[in-house]
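In this chain, residues are counted from 1 in sequence order.
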Amino acid sequence: VQLQASGGGLVQAGGSLRLSCAGSGRPLSRYFMGWFRQAPGNDREFVATMYWNGAPTYYADSVKGRFTISRDNAKNTVYLQMNSLKSDDTAVYYCAAASSTPSGTNAERSSAFYEYWGQGTLVTVSS
């Protein structure tokens with residue numbers, strides 16, 4: 001499967017953005033889907049993940065209550081709705097897909113679990 005992330009941009013603190021991850025080659029409904037981000041000088045970190053059928057979903061504590069991961073199987077697209085954005089949310093955001101079942105505690109929060117990655121889309125939040 002190929003992934004194409006889009007929707008990043010410049011937004012003021014408190015604003016919202018919706019990122020999209022469009023899949024091609026295979027239906028994304030067959031995959032665990034995740035969003036990660038990487039700020040300059042930092043490691044890539046987990047943001048959100050979703051099971052094949054859309055539930056359950058898990059979020060990093062830093063985004064819980066502000067971000068929502070969802071999917072539209074008809075459009076073969078996964079979304080990350082980001083509200084109440086903060087300057088700390090500034091990063092390149094990546095979508096990722098995994099075809100296997102996670103094993104071990106919080107395996108789906110590890111970047112190593114995911115086999116396929118999109119190219120990343122930059123989100124800049126100005127304070």
Side-chain angles (χ1 to χ4, degrees):
V1 65
Q2 292 80 45
L3 304 175
Q4 179 76 34
S6 62
L10 174 64
V11 63
Q12 288 188 333
S16 299
L17 278 176
R18 188 178 77 161
L19 305 184
S20 300
C21 177
S24 60
R26 297 194 73 183
L28 293 183
S29 57
R30 298 184 180 185
Y31 298 89
F32 272 73
M33 296 301 301
W35 284 96
F36 288 75
R37 67 186 182 185
Q38 187 167 17
N42 291 356
D43 293 334
R44 191 169 297 187
E45 65 174 4
F46 166 76
V47 175
T49 190
M50 168 185 291
Y51 276 46
W52 299 294
N53 61 359
T57 56
Y58 297 106
Y59 298 91
D61 289 343
S62 58
V63 307
K64 198 173 297 182
R66 301 187 298 121
F67 290 12
T68 303
I69 186 172
S70 63
R71 68 166 82 222
D72 185 335
N73 291 336
K75 295 182 178 180
N76 209 31
T77 300
V78 173
Y79 302 99
L80 184 68
Q81 177 67 44
M82 307 186 295
N83 299 328
S84 301
L85 283 162
K86 306 175 182 178
S87 57
D88 287 348
D89 296 319
T90 294
V92 177
Y93 283 71
Y94 299 88
C95 60
S99 60
S100 57
T101 301
S103 61
T105 303
N106 295 327
E108 66 277 357
R109 298 173 183 246
S110 169
S111 60
F113 171 64
Y114 296 86
E115 305 152 69
Y116 307 99
W117 291 84
Q119 84 289 0
T121 184
L122 176 62
V123 173
T124 303
V125 183
S126 63
S127 57

Among residues two or more places apart or on two chains, list those pairs meeting ring-ring contact (aromatic ring centres under 6.0 Å, His included) that have a residue in residues 73-110.
-> none
Validation row: Val123, Thr90 side chains within 4.5 angstrom (heavy atoms) = no
Side-chain donor-acceptor distances from residues 4-14 under 3.5 Å, at least two apart:
none

Inter- and intrachain pairs under salt bridge (charged side-chain N to carboxylate O under 4.0 Å, His left out), touching residues 108-120, at least two apart = none
Under 3.5 Å, which donor-acceptor pairs do the side chains of residues 39-53 form with other protein atoms, sequence neighbours left out?
from: Glu45; atom 1: OE2; to: Arg37; atom 2: NE; distance (Å): 2.6
from: Glu45; atom 1: OE2; to: Arg37; atom 2: NH2; distance (Å): 3.1
from: Thr49; atom 1: OG1; to: Met33; atom 2: O; distance (Å): 3.1
from: Thr49; atom 1: OG1; to: Tyr114; atom 2: OH; distance (Å): 2.8
from: Trp52; atom 1: NE1; to: Arg30; atom 2: O; distance (Å): 3.0
from: Asn53; atom 1: OD1; to: Ala55; atom 2: N; distance (Å): 3.2

So which of Thr77, Leu3, Asn73 actually passes side chain to side chain contact (heavy atoms under 4.5 Å, CB included) with Leu28?
-> Leu3
Side chain proximity check, Trp35 to Leu19, heavy atoms < 4.5 angstrom | yes
Non-hydrogen side-chain atoms of Cys95 and Trp117 separated by less than 4.5 Å = no
Donor on one side chain, acceptor on other, Ser16 and Asn83, under 3.5 Å | yes
Would a hydrophobic clustering, with Ile, Leu, Val, Met, Phe, Trp and Tyr connected at side-chain separations under 4.5 Å, put Leu80 with Leu122?
-> no
Can you measure from OG (Ser24) to CG (Asn76) and round to the nearest 0.5 angstrom?
-> 8.0 Å
Would you give the length of the straight line joining atom CG of Asp89 to atom CE of Met82, rounded to the nearest 0.5 angstrom?
-> 7.0 Å
Would you say the side chain of Ile69 lies within less than 4.5 Å of the side chain of Val78, judging by non-hydrogen atoms?
-> yes
Within residues 69-87 or reaching into it, pairs that qualify as salt bridge (charged side-chain N to carboxylate O under 4.0 Å, His left out) - sequence neighbours excluded = none
Residue pairs passing the ring-ring contact (aromatic ring centres under 6.0 Å, His included) test where at least one lies in residues 55-75, sequence neighbours excluded | none
